[in-house]
Amino acid sequence: MENSKAGSSKWVDGSKGQMEQEYAEAGRPRKEPFWVFGYGSLCWNPGFEYQQSVTGYVKGFSRRFWQGNTTHRGTEQKPGRVATLIEDQEGITWGKAFLVAAEDTAALPYLSTRECQLGGYRTYIVNFHARPSFLSSSTNNDKKDAVLYIAVPENRHWLGAAPLPDIAKQILECSGSSGSNAEYLLRLADFMRQEIPEALDDHLFSLERLLRKFAADMKICLRNLMGEDEVKEERAEAKAVVPSYQFASRVPEKKLRCRCYICVCRNSTLPGYHMDPKDCPDPPCDPAEAVSMPDRCCKVCPGTRGCFQPKQLEVYGGGLCPTVDVLRLIW
Ligand SMILES: N[C@@H](CCC(=O)N[C@@H](CS)C(=O)NCC(=O)O)C(=O)O
């Protein structure tokens, strides 16, 4: 993949450019701290020391499970699928950036082994946009240079596009030295829902929905695939004390941050924005029936998660979008 301007992200192939001198040469202390942007397992399993992390996005790319993997989440005989980025002029990919100390000499060699040698990724430098703070309405887009690992089609593990059901089945069937491929997908989907609820990613969440459906059809317990202790999880649910609304009673007993419910307009300039709880609109159902959800600021109508299908100007639980092209349900 040549040096190119993807969207407004200036990026340079770090494996060729002067950046390699700066970023990849671990022995020589650098002049200043540097950012590493993750959009796959790095989001939830960075594996290196960092001073701080911030969620945000890169422009000009979309995330796809088109990279094969024969180590962490697959084998040579049954390669798994992990995330990479493809160029997409309109694309925005959300993830998390990690600030590595200038004097750190371990992070890049670790990432070079994990990403490049084992994973087939290459090192690039792109513009990363920190997510506007929820507390400030400013949409200051402070861009930062960040190290980014992308698997390009020329690499030896590349699998490329396939029908989503085929990709979901492949992920459900594969595992490697770090665990199941399903865990990789589900932990990334959980990360995005919990940390960046306003992010759109049809590819990721469609794969998650398909994987959960196939697992249910095949009576595969995903908690086992996640290596979670089923008994411990059930005990936690059994203790949950919640109002007697059927779908709320499965909320595990843990403190969920109340997040303002968000609906996002596709193609709007704002990647996402948040309701002020006091401005919750009247529900499109009998207010007496509306119920609180632990992770929502606005009450929602029974049986719904808040926002409704596209074309509605007023989306319940998420406020009015500044420009309405297509409303996306997110939850
Ligand atoms: N470069 C992407 C993807 C990185 C990625 O997922 N790498 C895989 C395959 S080499 C990995 O390290 N997996 C570790 C794991 O699955 O726990 C990111 O920024 O997160």
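Every number for a ligand or one of its atoms is a count from 1 in the order of the listing. All residue numbers refer to positions in the sequence shown, counting from 1. Keep in mind that the numbers below use all heavy atoms, side chains included, and drop hydrogens, waters and symmetry copies.
Residues Gln52 and Trp35 form a side-chain contact, since some pair of their non-hydrogen atoms from C-beta on lies under 4.5 Å apart. Side-chain contact check for Val147 versus Ile125: some heavy-atom pair is nearer than 4.5 Å. In this structure, Trp94 and Glu195 have side chains that are not in contact, with every pair of non-hydrogen atoms separated by 4.5 Å or more.
When each atom of ligand 1 is checked for a heavy atom of Tyr149 under 4.0 Å away, the hits are 1 (N). Residue-ligand proximity, Asn45 to ligand 1, at heavy-atom distances under 4.0 Å covers atoms 17 (O). Near Arg73, meaning under 4.0 Å from one of its heavy atoms, ligand 1 places the atoms 15 (C), 16 (O), 17 (O). Close contacts between ligand 1 and Gly38 involve ligand atoms 19 (O) [criterion: under 4.0 Å to a heavy atom]. Near Gly119, with a cut-off below 4.0 Å to any heavy atom, the atoms of ligand 1 are 10 (S).
Here Asn155 contributes atom CG and Ile150 contributes atom CD1; the two are 12.0 Å apart, rounded to the nearest 0.5 Å.
Among the atoms of Trp44, none of the N or O lies under 3.5 angstrom from an N or O of ligand 1. Taking distance alone, with nitrogen or oxygen atoms compared against 3.5 Å, Gly40 approaches ligand 1 more closely than that limit. Here's the thing with Asn69: none of its N/O atoms is less than 3.5 angstrom from an N/O atom of ligand 1.
No side-chain donor-acceptor contact under 3.5 Å links Arg73 and Ser41.
If you look at Gln67 next to ligand 1, there are no close heavy atoms at all, none under 4.0 Å. Here Ala83 has backbone heavy atoms under 4.0 Å from ligand 1, and that is the only part of it that gets that close. Contact annotation: for Arg114 versus ligand 1, heavy atoms closer than 4.0 Å belong to both the backbone and the side chain. Contacts with ligand 1 closer than 4.0 Å are made by heavy atoms of both the backbone and the side chain of Leu42. Within the 4.0 Å heavy-atom criterion, the part of Tyr184 lying near ligand 1 is the side chain and not the backbone. Looking at Ser178 against ligand 1, only its side chain comes within 4.0 Å, counting heavy atoms.
Ring geometry for Phe48 versus Phe98: interplanar angle over 60°, hence perpendicular rather than tilted (30 to 60°).
The aromatic ring centroids of Tyr39 and Phe128 lie 6.0 Å or more from each other.
Ion pairing of Arg187 with Asp190 is absent here, as no side-chain N (NZ or NE/NH1/NH2) approaches a carboxylate O to less than 4.0 Å.
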